[in-house]
Asks: 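Handing you this structure, nothing more for now.
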Amino acid sequence: MTYALPRLLEEIAYVAYHFHWRREDILDLTHGERQQWVREIARINTRVNEGG
């Protein structure tokens with residue numbers, strides 16, 4: 001199974017923007033690890049945006 005390039009680039013940009021990690025470090029993560037960090041960033045953003 002292949003991973004869609006646009007989705008991969010979106011995940012890389014999202015994590016890099018929020019955590020300031022290098023592209024190479026993000027690419028070293030497994031697909032599952034990247035998805036976990038994307039979910040965690042989204043959770044943090046939701047909490048911050050809701051004033052919590």
Side-chain angles (χ1 to χ4, degrees):
M1 181 164 100
T2 60
Y3 195 46
L5 182 59
R7 179 64 183 161
L8 176 61
L9 294 175
E10 182 180 275
E11 288 180 3
I12 292 168
Y14 191 70
V15 174
Y17 176 81
H18 288 283
F19 284 171
H20 308 286
W21 291 357
R22 295 175 345 148
R23 180 178 51 92
E24 294 80 13
D25 294 333
I26 299 167
L27 283 170
D28 283 343
L29 299 171
T30 66
H31 171 66
E33 290 171 326
R34 260 192 323 276
Q35 285 187 321
Q36 285 179 304
W37 284 113
V38 166
R39 284 190 300 271
E40 182 61 20
I41 292 167
R43 188 185 67 74
I44 292 167
N45 283 335
T46 298
R47 189 176 65 219
V48 166
N49 290 334
E50 291 174 350

Asks: Can you name the residues that form a side chain to side chain donor-acceptor pair (under 3.5 Å) with R43, not counting sequence neighbours?
Replies: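 So R43 forms a side chain to side chain donor-acceptor pair (under 3.5 Å) with E40.
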Asks: Any side-chain heavy-atom pair from L27 and W21 closer than 4.5 angstrom?
Replies: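 They are not in contact (no side-chain heavy atoms under 4.5 Å apart), so the answer is no.
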Asks: Restricting to side chain to side chain donor-acceptor pair (under 3.5 Å), what partner residues turn up for D25, sequence neighbours left out?
Replies: R22
Asks: So do I44 and H18 actually touch side chain to side chain, heavy atoms under 4.5 Å?
Replies: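 SC-SC contact between H18 and I44 ruled out.
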Asks: Just grab all the salt bridge (Lys or Arg N to Asp or Glu O under 4.0 Å) pairs involving residues 7-18, residues at least two apart or on different chains.
Replies: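 Residue pairs with at least one partner in residues 7-18: R7-E10, R7-E11, E11-R34.
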Asks: According to a hydrophobic-cluster definition based on side-chain heavy atoms being under 4.5 Å apart (Ile, Leu, Val, Met, Phe, Trp, Tyr only), do L5 and L29 belong together?
Replies: yes
Asks: Does the side-chain contact (heavy atoms from CB on, under 4.5 Å) test come out yes or no for N45 and Y14, once each step is laid out?
Replies: CA-CA 12 Å; N45 283 335; Y14 191 70; 3.6 Å; yes
Asks: Can you name the nearest heavy-atom pair linking V15 to V38, along with the distance?
Replies: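 Where V15 meets V38 most closely, the heavy atoms are CG2-CG2, 4.0 Å.
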Asks: Using side chain to side chain donor-acceptor pair (under 3.5 Å) as the criterion, list what pairs up with E33, not counting sequence neighbours.
Replies: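 For E33 the side chain to side chain donor-acceptor pair (under 3.5 Å) partners, ignoring immediate neighbours, are T30.
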Asks: Supply the atom-to-atom distance F19 CZ to I26 CD1, rounded to the nearest 0.5 angstrom.
Replies: 10.0 Å
